[in-house]
Number of protein chains: 2
Amino acid sequence: MVDHDQQNHERSCCPIACALDHLGDKWTLLIIRDLLLGKKRYQEFLESPEQIATNILANRLKKLEATGFLTQQVYQKNPVRYEYVLTKKGEDLRQVLQALVEWGKTYYPGTEVFKPYG
Amino acid sequence: MVDHDQQNHERSCCPIACALDHLGDKWTLLIIRDLLLGKKRYQEFLESPEQIATNILANRLKKLEATGFLTQQVYQKNPVRYEYVLTKKGEDLRQVLQALVEWGKTYYPGTEVFKPYG
DNA sequence: CTGTATCCAGCCGGATACTG
DNA sequence: CAGTATCCGGCTGGATACAG
C-alpha cells in the first residue's frame, strides 16, 4: 500500500509528463505551497483557505512521502506526531511555484499569496 | 455548456489555487506543452507519446477555449476544421513549463522534451 | 490535535464505436 | 482527418463520524 519508489507511471520520457504524474491534480501543489510557506502540521494545512478535506489531505501527504517530496519528523511521542518537511526535491519546486504565482497574479488580478516566498 | 467567463471556481484568492482550478489535472498542461511546441491540430495532439483519449482531448480543448487559453481558427470549411492556437494568456505559461522542465530533468534523469522550447 | 474510516455522488479517463 | 458518443470501473473529493 505504501508503495515506495515510483510505481508504474512514467507515461512518457517527458519531464512534464513525469512531473504531472505526481503533481497533476487539484491539491498536491497547494500542499507544496503551504510547506514552502513554512507550514508543517496537519492542522495548519487544514486551515488554508481552500478547505481541503481530511481524507484528501492524508492521502496526498502519504503519496508525497512515498514519492520523496517530503519526510515525516517525529515531534512528539505517545501518541506519535509528525511534522512534514520538504526534501530538496520538494524544495526545488519553489521556482516552479514562483513562476506560476507570477503568471497567476497577472491573469487573476487581485489574487495574492499570503506571505512572499523566499 | 460553453460557459465563457470563469465559473464559480476561485477556491481562494491565491493565484496558485486559481491556476490549479484550470490547469490542475493530468492532461491540460500537456496540451499546453504541445501547443508551445507548435502543434495545432487534433491529430497532432493524439500522436503525443502520452496517448490521450479522444474524449478527454476534446473536453480539454473546449475548456481551454472557454477559459481563454486558446482560440480556434478555421483552416477548412465544409466540414469546418479548426486549428488551436494559444492566446497570450496561454503563451505566458511557457515560463512556468520551462521551470517545470528544469525541475523534471533533474529529478527524472533521462527525460527530455522533444524539441527545445523558445 | 492528529489523524483514520466510511458513505456516496460525481468526475476522470481508458477503450471503443460511430459520424461526416 | 476531426470529432462526438457511450459504456464503465475507479478515483476524487465533500461531509461526517470515529479513535488515540
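Letters go in sequence order (proteins before strands), and every chain restarts at 1. Heavy-atom basis, side chains included; hydrogens, waters and symmetry copies ignored.
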Over how many whole Å does the gap from [X] atom [atom1] to [N] atom [atom2] extend?
{"X": "A/Leu57", "N": "C/dT2", "atom1": "CG", "atom2": "C1'", "value": "10 Å"}
{"X": "B/Tyr84", "N": "D/dC1", "atom1": "OH", "atom2": "P", "value": "14 Å"}
{"X": "A/Tyr42", "N": "D/dG20", "atom1": "OH", "atom2": "P", "value": "16 Å"}
{"X": "B/Asp25", "N": "C/dG13", "atom1": "CG", "atom2": "P", "value": "6 Å"}
{"X": "A/Lys40", "N": "C/dT2", "atom1": "NZ", "atom2": "P", "value": "13 Å"}
{"X": "B/Ile52", "N": "C/dG13", "atom1": "CD1", "atom2": "P", "value": "8 Å"}
{"X": "A/Leu46", "N": "C/dG3", "atom1": "CG", "atom2": "C1'", "value": "9 Å"}
{"X": "A/Leu64", "N": "C/dG3", "atom1": "CG", "atom2": "P", "value": "14 Å"}

| Bending between helix ends of the helix from C/dC1-D/dG20 to C/dG20-D/dC1 [5 pairs per end, 10° resolution] |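 Angle reported: 30°, given to the nearest ten degrees.
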| Worked check of side-chain contact (heavy atoms from CB on, under 4.5 Å) between A/Leu64 and A/Ile32 | CA-CA 9 Å; A/Leu64 286 171; A/Ile32 302 279; 4.1 Å; yes
| If you measure from the Lys or Arg side-chain nitrogens to the Asp or Glu carboxylate oxygens, is any gap between B/Glu65 and B/Arg60 under 4.0 Å? |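 Answer for the salt bridge query: no.
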| field | SB check A/Arg41 A/Glu47 (cutoff 4.0 Å) | value |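 A/Glu47 and A/Arg41: not salt-bridged.
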Considering only side-chain heavy atoms of [X], which listed nucleotide, [options], is closest?
{"X": "B/Arg81", "options": "D/dT4, C/dG20, C/dG3", "answer": "C/dG20"}
{"X": "B/Tyr82", "options": "C/dT2, D/dG3, C/dG13", "answer": "D/dG3"}
{"X": "B/Arg60", "options": "D/dG3, D/dT12, C/dC12", "answer": "C/dC12"}
{"X": "A/Gln43", "options": "D/dA2, D/dG14, C/dC1", "answer": "C/dC1"}

| said: Taking the cut-offs as 6.0 angstrom to the six-membered ring centre and 45 degrees off its axis, would you call B/Arg11 and A/Trp27 a cation-pi pair? | reply: yes
| Side-chain touch A/Gln72/A/Glu83, heavy atoms, less than 4.5 angstrom |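 Heavy-atom side-chain distance check fails, nothing below 4.5 Å.
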| Do A/Cys13 and B/Glu112 have side-chain heavy atoms sitting under 4.5 Å apart? | no
| Honestly curious: do A/Leu46 and A/Leu29 fall in one hydrophobic cluster under the side-chain, below-4.5 Å linking rule? |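 Yes, one cluster joins them.
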Any base atoms under 4.0 Å from [X], or only sugar-phosphate, or nothing? Heavy atoms, all strands.
{"X": "A/Phe45", "answer": "nothing"}
{"X": "B/Lys63", "answer": "sugar-phosphate"}
{"X": "A/Tyr75", "answer": "sugar-phosphate"}

| task | Scan residues 57-106 of chain B for pairs that pass ring-ring contact (aromatic ring centres under 6.0 Å, His included), counting only residues two or more places apart or in two chains. | result |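 Only A/Phe69-B/Trp103, A/Trp103-B/Phe69, B/Trp103-B/Tyr107, B/Trp103-B/Tyr108 qualify under ring-ring contact (aromatic ring centres under 6.0 Å, His included).
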| task | Say whether A/Ser48 and A/Lys39, considering side chains only, have a donor N or O and an acceptor N or O under 3.5 Å apart. | result |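 A/Ser48 vs A/Lys39: donor-acceptor pair found between side chains.
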| message | When you compare the side chains of A/Thr67 and A/Lys89, does any donor N or O come within less than 3.5 Å of an acceptor on the partner? | response | no
| task | Compare side-chain N and O positions of B/Trp27 against OP1 and OP2 of C/dG14 and report whether any pair is under 4.0 Å apart. | result |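 The answer is yes; a side-chain N or O of B/Trp27 sits under 4.0 Å from OP1 or OP2.
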| N/O (side chain, B/Lys62) to phosphate O (OP1/OP2, D/dA2) under 4.0 Å | no
Could you write out each protein N or O paired with an N or O of nucleotides 15-17 of chain D at a distance under 3.5 Å?
from	atom 1	to	atom 2	distance (Å)
D/dA15	N6	A/Asn55	ND2	3.1
D/dT16	O4	A/Thr54	OG1	3.1

